[in-house]
Amino acid sequence: MWILGIESSCDETGVALVRSHAGGNLPQLVAQALHTQAAMHEAYGGVVPELASRDHIRRVLPLIQEVMQQAALPLADLDVVAYTRGPGLAGALLVGAGTACALAASLGIPLLGVHHLEGHLLSPFMGADPPTFPFVALLVSGGHTQLMRVKAVGSYELLGETIDDAAGEAFDKSAKLLGLGYPGGPALSALAAHGNPQAFALPRPLLHQPNLDFSFAGLKTAVLTQSRKLGDELPARKADLAASTQAAIVDVLVKKSVKALKLTGLKTLVVAGGVGANRMLREQLQKDCQALGAKVHYPEPELCTDNGAMIAMAAAMRINAGVERAQKSYAFNVLPRWPLAQIATV
Ligand code: KG4
Ligand code: ZN
């Protein structure tokens, strides 16, 4: 079965083709293409929703053509078209949904709307070392920070989440305060490599609470206060401040993930979402999980941030697991706010 996936929830237009096999084998990623709008939004210091939607419209059809050419597959051979149904920016989601719907309707094939976070969460199954169920998932993106207990495809129990900013947002906002580029995560972590993570004691909210919730909103205030205190010294100490900021975020993410493993008794952790590309997070998790006898699985680095492959893959895995059937119903709707734990109820 050939499944085309389209992602357009934020500032990346992603298209990919997955081949799904009957039986127990995992679906295979066959071709993918991506356009990132980061350079376009950089001038504004964040994503401008209207510009994002317009750019998705410009990019999506050429990307579909590119993927089909890579795979040397005619459109008529497609079996299912999948798209990101939510959560995300409404206008941006509608571009992918509308395109997927029109394509599926023109081919007379079924359509399937996928949860963006389920895409992130299942993306390590495309890696060389796929995890096995059940596991704890740490979802860390620009809009979400959640710990989930994953029993099987489609079975997601929320263990804890951020009560304010997401981890990626904490990276992005701190980077902006330090005058670094957008998106801030990669820029801040690159600068942090040259700094001392212990230079400044920044807050680690909720770290010692018994629950698995996070809070990152106070961090940007602490970074702002610290940078004001430094005054003229800031340029010379910027790398130290970046390193201390990264250390604060990573410390909380690692300790709460370890706590989730201990509470559930599970020995497998899956890390997904853009912040999962962070090197320090990977190194720390590796170390602390090893000490616990647990194993960490990541998507391939290029599949950590938004892409079409994870959407096609999630659709294929949902169909294979019998959790969902793609429908020849072309009245689509998008869900800009859609909690993953409620995936079975809509
Ligand atoms: O999953 P994603 O591509 O989009 C959302 O669904 O939000 O995540 C984007 C987020 C941004 O906040 C970005 O700064 C962050 O992931 N990010 C990183 C790194 N690469 C991307 N944060 C820290 N270190 C990185 N290397
Ligand atoms: Zn994402």
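These numbers come from the heavy atoms of this one structure, side chains and all, not from hydrogens, waters or symmetry mates. Whatever order the structure lists ligands and atoms in, that order sets their numbers, starting from 1.
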For His120, what is the atom name of its N, O or S atom nearest to the Zn ion (ligand 2)? NE2
In the protein, which heavy atom is nearest to atom 24 (N) of ligand 1, and how far is it? Asn278 ND2, 3.0 Å
Is any N, O or S atom of His116 under 2.8 Å away from the Zn ion (ligand 2)? yes
Could you tell me which N, O or S atom of Asp306 is nearest to the Zn ion (ligand 2)? OD1
Using a 4.0 Å cutoff against the non-hydrogen atoms of Gly168, which atoms of ligand 1 qualify? 12 (O)
Taking the six-membered ring for Trp, are Tyr83 and Phe332 parallel (under 30°), tilted (30 to 60°) or perpendicular (over 60°)? perpendicular
Looking at non-hydrogen atoms alone, which of Arg282, His116, Glu169, Gln246 comes nearest to atom 6 (O) of ligand 1? His116
Can you find a non-hydrogen atom of Gly143 under 4.0 Å from ligand 1? yes
What orientation do Phe216 and Phe214 show, parallel under 30°, tilted 30 to 60°, or perpendicular over 60°? parallel
I want to check something: taking the side chain as every heavy atom from C-beta on, are Leu117 and Tyr156 in contact at a cut-off of under 4.5 Å? no
For the residue pair Ala33 and Glu66, what are the closest heavy atoms and their distance? CB-OE2, 3.7 Å
Show the atoms of ligand 1 that are less than 4.0 angstrom away from any heavy atom in Gly142. 5 (C), 7 (O), 8 (O), 9 (C), 10 (C), 12 (O)
Subset of ligand 1 atoms that lie under 4.0 Å from at least one heavy atom of Asp172: 11 (C), 12 (O), 13 (C), 14 (O)
Atoms of ligand 1, numbered as shown, that sit under 4.0 Å from any heavy atom of His120: 1 (O), 6 (O)
What is the nearest protein non-hydrogen atom to atom 22 (N) of ligand 1, stated with its residue, atom name and distance? Gly185 CA, 3.3 Å
I'd like to know if His144 contacts ligand 1, where contact means a heavy-atom distance under 4.0 Å to any ligand atom. no
By number and element, which atoms of ligand 1 are closer than 4.0 Å to a non-hydrogen atom of Ala277? 26 (N)
Is it the case that atom NZ in Lys262 sees more than 12 heavy atoms from other parts of the structure closer than 6.0 Å? no
Salt-bridged, Lys287 to Glu283, with N to O below 4.0 Å? no
Give the atom numbers and elements of ligand 1 that come within less than 4.0 Å of a heavy atom of Thr305. 3 (O)
Examine distances only and state if a side-chain atom of Ser189 and a backbone atom of Pro186 form a donor-acceptor pair shorter than 3.5 Å. yes
Among all protein heavy atoms in this structure, tell me which lies nearest to atom 3 (O) of ligand 1, with the distance rounded to 0.1 Å. Asp306 N, 3.1 Å
Is there a donor-acceptor pair closer than 3.5 Å between any side-chain N or O of His297 and the backbone N or O of Asp129? yes
I'd like to check Cys10 versus His116 (side-chain heavy atoms, cut-off strictly below 4.5 Å). Are they in contact? no
Top protein contact for atom 17 (N) of ligand 1, by heavy-atom distance: Gly274 O, 3.6 Å
Between Asp172 and Gly184 (side chain of the first, backbone of the second, donor and acceptor by atom type, cut-off under 3.5 Å), is there such a pair? yes
